[in-house]
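Structure, as structure tokens:
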Amino acid sequence: HSGFSCFQVKEPTKRIVLNSSDLEVEKDVTLELSNGSAIKATEVDTSVNDCETIALVFSSEVPTGKCKFTLKFSGKLNDSLKGLYRSKYTSHDTNEERYCAVTQFEACDAHRCFPCWDDPAIKASFDITLAVPKNRVALSNMPVKQEEDLPDGNRLVKFETTPIMSTYLVAIVVGEFDYIEDFTPEGIRVRVYTPVGKQEQGQFALEVAVKVLPYYKEYFKMPYPLPKMDLIAIGSFAAGAMENWGLVTYRETCLLVDQLMTSTQRKQWIALIVAHELAHQWFGNLVTMEWWTHLWLNEGYATFAEFLCVASLFPEYDMWTQFVTETWSPALKLDALKNSHPIEVPVGHPLEVDEIFDDISYSKGASVIRMLHRYIGDADFARGMNLYFNKYKYGNAATDDLWSTLEEVSNKPISSVMSLWTRQMGYPVISVRSEQDGNNRKFYLKQTQYWADGSPSSGESQMWMVPIEFSSSKAPNEVLHEVLLDKREAEVVISGVGENDWVKLNPGSAGFYRVQYSTEMLQKFKPAVADLSLPPLDRLGLLGDLFALVQSGQTSTDQALLLLEAMQNEDNCTVWSSMTSVLSKIRMLLQYAPDIQPNFINFGRRLLANIASTVSWDPRPDEGHKDKLLRNVILDLLYAFEDEASVAECHTRFEAHKNGSAPLWSDIRSTVYKTVLRSADAATYETFLTLYRQETLQEEKERILHALAAIRNESLHKEVLNFALTDEVRRQTTLTLMGAIAQSRKGRDLVWDYVKNNWDEIHKKYGTPVILSGFISASFSHYASEEMAVEVEKFFAENNTSGAERAVQQTVERIRINAAWLKRDLPCIKAFLQNFK
């Protein structure tokens with residue numbers, strides 16, 4: 001490789017330091033000055049490589065002014081899923097193993113491909129030229145400018161000059177691909193690149209992308225600035241997707257849709273991911289965070305925008321209801337830990353940024369932006385975004401820059417309110433009680449910090465400015481009253497509320513806080529929950545708040561079970577999804593109380609009785625999107641509670657699928673596979689391995705892999721773990737499968753034993769921080785004893801966990817919370833479940 005850089009020297013210097021890692025840089029470096037003279041470097045100093053930098057050393061001082069140098073360097077295509085790496089795939093024609101070359105530069109890995117200043121605030125324009133085999137597709141951020149054949153039989157591909165941009169957004173892909181294309185009304189060419197022979201699987205993503213670009217153009221009142229937009233499916237890829245400007249890379253499972261085998265949930269997810277990455281083309285690429293401390297500006301905003309966009313383009317998806325379960329709720333759970341972190345995290349060394357690609361940066365970030373959006377209204381929010389893009393386009397911005405532009409258009413104290421949410425860790429629980437005074441009701445509000453372990457807040461604890469809305473049974477879908485709680489305690493008087501009316505705080509779950517109601521206020525919700533007159537978002541918000549108080553010891557588990565019992569008539573897919581989360585958490589806890597597990601299974605079956613009779617195994621001609629999502633949720637619950645009729649149905653349908661008489665349709669495959677495999681013998685296990693090996697759609701392969709984790713036979717369980725570690729399973733998926741195995745008590749112990757004996761190999765081979773962190777959290781957070789907390793903590797303290805230290809701390813904290821919860825509430829859970837023998 002060779003590359004040149006034009007830059008300006010501001011002070012005379014004998015050393016020019018830039019980022020470089022895993023590259024051999026040739027010593028022959030010449031610096032061309034603006035006056036036409038040149039200075040040769042005497043040395044390329046690599047002794048600073050522990051900082052992933054090199055220094056060009058000159059015998060005399062380089063004067064101030066513009067200059068240019070050319071570097072020659074070489075590097076290897078690695079298997080590390082970062083920098084410029086190779087991604088393995090199977091050729092469609094000969095079935096042989098091949099490789100494509102692909103880049104993944106975020107956060108700080110561009111300097112593994114070429115020496116550069118690998119900092120988001122140091123922007124440049126890039127001229128990319130590639131020498132590639134003639135039979136390979138070559139892509140970069142910009143369209144091809146010129147191609148020519150080379151004497152060695154390869155071809156030279158030159159791309160147009162990019163706009164000024166950050167290094168982490170530069171992208172290169174070379175490999176075998178097909179594509180389909182379309183154009184937006186403005187003439188932007190959009191292509192989806194797929195594995196050869198699978199163009200039709202890119203159709204849905206293409207349809208979404210050509211709608212999404214015009215949506216953002218109109219909402220931001222700012223055109224997409226590049227002439228083309230490529231979306232490409234990559235076989236081996238650490239993240240879900242990466243927003244490289246003009247060339248977005250995706251895992252196959254995050255982009256490709258098979259009309260027969262892709263589930264409704266997956267299709268919706270792909271729409272969200274496409275909308276997320278294309279939002280970045282403005283928010284992140286056109287205007288970039290100043291430094292990694294403001295990573296949340298990229299990810300939190302794009303996560304909010306994906307829901308904003310898809311809710312507009314696909315209103316039948318009911319996205320804002322799903323936002324609460326998919327984004328708001330996970331953020332609240334993580335941010336209640338002592339080992340959480342603020343949205344804005346001081347990042348010193350760039351390598352520290354890997355740890356904050358988590359539910360705080362993405363989901364809490366999106367949730368506080370949604371709260372802000374609700375606070376100032378959509379019109380002012382959109383106007384503020386247009387002002388923001390016009391002020392900072394092709395440059396960099398910090399969190400305060402966003403607040404100041406939104407404050408300018410809304411005339412509300414945005415900076416004062418929002419800085420408390422982004423610079424402080426955690427969030428408040430608002431305790432509320434009320435007194436009736438004639439036709440008015442007086443509410444007493446108090447905010448304290450919520451901790452998942454139930455720790456009391458000290459007198460000097462943090463405080464927030466909390467936009468609080470009220471609704472009531474008089475008009476359940478309207479905001480009755482709103483107030484900005486800017487102190488610890490306040491009294492609020494609302495007129496026209498009767499003593500028998502329920503009053504709900506945080507209607508629509510738009511505020512990022514929990515609510516603790518007085519017993520008297522809580523009791524008024526029960527009839528409204530049972531007859532569904534309390535709106536869906538408020539039903540799931542009520543359950544989520546109560547269950548959070550259960551886990552922190554502020555109320556008892558039987559209170560959550562009583563509320564669940566009152567929800568037997570529930571018919572909303574998203575509320576059922578929230579109920580599933582609560583039921584799953586209790587079920588995990590009761591893995592360590594096996595004597596009452598059968599009673600809990602009976603409770604679950606009783607809870608499901610009404611809804612199960614309305615859910616069909618086959619699609620109905622008149623069903624909508626939410627009906628399909630509801631089926632997915634309920635069938636999974638029937639699997640979890642081992643419903644006998646469901647088990648029989650799954651076995652019958654799998655036999656017909658296996659012999660080819662009635663192939664399973666997409667939305668029930670997961671449930672059928674898991675149910676059949678739960679009681680699998682060796683022959684059934686081999687049947688599924690054969691199905692896995694024959695399959696080419698990665699989504700279906702992963703579906704089979706996850707189902708294998710359901711096996712209960714202990715010897716087969718070990719076989720599944722061994723299979724996860726073979727080359728037949730993609731490296732990005734291995735730890736996900738191991739985490740799935742660890743969802744059962746015996747599987748968890750099996751995986752933990754393997755980790756203890758093979759950690760160095762795991763860390764070296766699968767050590768991408770995002771994947772490693774997710775694996776540790778998913779696998780071991782469900783232990784529920786102080787002994788295991790000590791063992792996990794001690795083991796990881798003595799072994800290398802670089803990039804996943806925070807995940808380890810959070811996991812240990814969760815184990816201790818589980819242990820305290822089990823010890824505290826086991827008697828009341830036993831007493832409640834006595835009625836379900």
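Side-chain atoms are counted along with the backbone in the values below, which use heavy atoms only and exclude waters and symmetry mates.
Note that the CD1 atom of I634 and the OG atom of S646 stand 11.0 Å from one another [nearest 0.5 Å]. Taken from CZ in F314 to CG in L272, the straight-line distance is 9.5 Å, to the nearest 0.5 Å. Of the inter-residue distances, the one linking T652 atom OG1 with E655 atom CD reads 8.5 Å to the nearest 0.5 angstrom.
D230 has a carboxylate O that lies under 4.0 Å from a charged side-chain N of R189, or vice versa, which qualifies the two as a salt bridge. A salt bridge is absent between R606 and E565; no separation between the charged side-chain nitrogens and carboxylate oxygens falls under 4.0 Å. Remark: E252 engages R730 in a salt bridge, criterion side-chain N to carboxylate O under 4.0 Å. A salt bridge is absent between E316 and K626: the closest approach of a Lys/Arg side-chain nitrogen to an acidic carboxylate oxygen does not fall below 4.0 angstrom. D258 and K198 are not joined by a salt bridge, as no carboxylate oxygen comes within less than 4.0 angstrom of a charged side-chain nitrogen. Using a 4.0 Å cut-off between charged nitrogen and carboxylate oxygen, R98 and E96 count as a salt-bridge pair. A salt bridge links D618 and R653; the closest N-O separation between the charged side-chain nitrogens and carboxylate oxygens is under 4.0 Å.
Although no hydrogens or angles enter the test, the distance criterion places a donor-acceptor pair under 3.5 Å between the side chain of T726 and the main chain of F723. No donor-acceptor pair closer than 3.5 Å links the side chain of N610 to the backbone N or O of N569. In this structure, T327 contributes its side chain and V324 its backbone to no donor-acceptor pair below 3.5 Å. A donor-acceptor contact shorter than 3.5 Å is absent between the side chain of R814 and the backbone of H782. At distances below 3.5 Å, not a single donor-acceptor pair connects side-chain atoms of Y89 with backbone N or O atoms of G175. A donor-acceptor pair is defined here as one N or O able to donate and one able to accept, closer than 3.5 Å; such a pair exists between the side chain of T580 and the backbone of W576. R678 places no side-chain N or O within 3.5 Å of a backbone atom of R712 that could act as its donor or acceptor partner. The backbone N or O of Y317 lies less than 3.5 Å from a partner atom in the side chain of Q322, making a donor-acceptor pair. Here the side chain of K701 pairs a donor or acceptor atom with the backbone of Y692 at under 3.5 angstrom. Counting only distance, with no hydrogens or angles, the side chain of T734 and the backbone of A724 share a donor-acceptor pair below 3.5 Å.
Taking the centre of each ring, F641 and F603 stay at or above the 6.0 Å mark. Checked against the 6.0 Å centroid threshold, Y673 and F688 count as a close aromatic pair. With ring centers used as reference points, F323 lies 6.0 Å or more from W328.
If you check the side chains of D178 and T194, you find no donor sitting under 3.5 Å from an acceptor. For the residue pair T690 / K658, no side-chain donor-acceptor distance below 3.5 Å is found, with atom types taken as modelled.
The closest side-chain heavy-atom distance from L677 to K674 is not below 4.5 Å. In this structure, W617 and V672 have side chains that are in contact, with non-hydrogen atoms separated by less than 4.5 Å. With contacts defined as side-chain heavy-atom distances shorter than 4.5 Å, the pair L833/L590 qualifies. Contact annotation: the side chain of L278 approaches that of M229 to within less than 4.5 Å [non-hydrogen atoms, C-beta and beyond]. D636 has its side chain out of reach of V633: every pair of non-hydrogen atoms, C-beta onward, lies at least 4.5 Å apart. Residues R703 and S263 meet the side-chain proximity criterion, which asks for heavy atoms closer than 4.5 Å. Side-chain contact between R731 and D79: present, with at least one pair of heavy atoms (C-beta onward) separated by less than 4.5 Å. Counting heavy atoms from C-beta outward, T687 and F654 have side chains that approach closer than 4.5 Å.
Between F177 and V137 the shortest heavy-atom distance is O-CG2, 3.7 Å. Heavy-atom minimum distance, E642 versus I601: OE2-CD1, 3.8 Å. For the pair L256 and T262, the tightest heavy-atom approach, listed with the atom from each and the gap, is O-OG1, 4.1 Å. When all heavy atoms of L561 and F600 are compared, the closest pair comes out as CD2-CE1, 4.3 Å. Across every non-hydrogen atom of N713 and A680, the tightest pair is CB-O, 4.1 Å. Taking both residues in full, the closest heavy atoms of L629 and Q268 are given as CD1-OE1, 3.6 Å, listed atom of the first, atom of the second, then distance.
When each of S577, S578, P536 is tested with N572 by the rule side-chain contact (heavy atoms from CB on, under 4.5 Å), just one qualifies, namely P536. Partner L231 forms a side-chain contact (heavy atoms from CB on, under 4.5 Å) with one of T249, L247, I273, V274 and no other, that one being V274.
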Return a table of donor-acceptor pairs under 3.5 angstrom between the side chains of residues 744-751 and protein atoms on other chains or two or more places apart.
residue : atom : partner : partner atom : Å
S744    : OG   : G747    : N            : 3.0
R745    : NH1  : Q591    : O            : 2.9
K746    : NZ   : E714    : OE2          : 3.1
R748    : NE   : A742    : O            : 3.0
R748    : NH1  : Q591    : OE1          : 3.0
R748    : NH1  : Y592    : OH           : 2.7
R748    : NH2  : Q591    : OE1          : 3.0
R748    : NH2  : A742    : O            : 3.3
R748    : NH2  : Q743    : O            : 3.2
D749    : OD1  : Y783    : OH           : 2.9

Pairs of donor and acceptor atoms involving the side chains of residues 201-212, under 3.5 Å and at least two apart or interchain, shall be tabulated with distances.
residue : atom : partner : partner atom : Å
Q203    : NE2  : E207    : OE2          : 3.3

If you apply the rule salt bridge (charged side-chain N to carboxylate O under 4.0 Å, His left out), what do you find for D753 with K718, and how did you get there? CA-CA 11 Å; D753 285 342; K718 293 175 182 174; over 6 Å; no
Please lay out, stage by stage, how L81 and Q104 fare under the test side chain to side chain contact (heavy atoms under 4.5 Å, CB included). CA-CA 7 Å; L81 306 183; Q104 170 58 39; over 6 Å; no
Please step through side chain to side chain donor-acceptor pair (under 3.5 Å) for the pair E243 and H276, ending with a clear verdict. CA-CA 9 Å; E243 68 267 19; H276 179 103; 5.8 Å; no
Evaluate side chain to side chain donor-acceptor pair (under 3.5 Å) for T264 paired with D667, printing each intermediate quantity in order. CA-CA 6 Å; T264 302; D667 277 4; 2.7 Å; yes
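With a 6.0 Å radius and a threshold of 12 heavy atoms from other residues, nucleotides or ligands, N722 has its CG atom above the threshold.
Annotation: side chain to side chain donor-acceptor pair (under 3.5 Å) contacts of R191 (sequence neighbours excluded): Y179, E181, Y193.
Judged by the 6.0 Å distance and 45° axis criteria, R86 is positioned over the aromatic ring of Y99.
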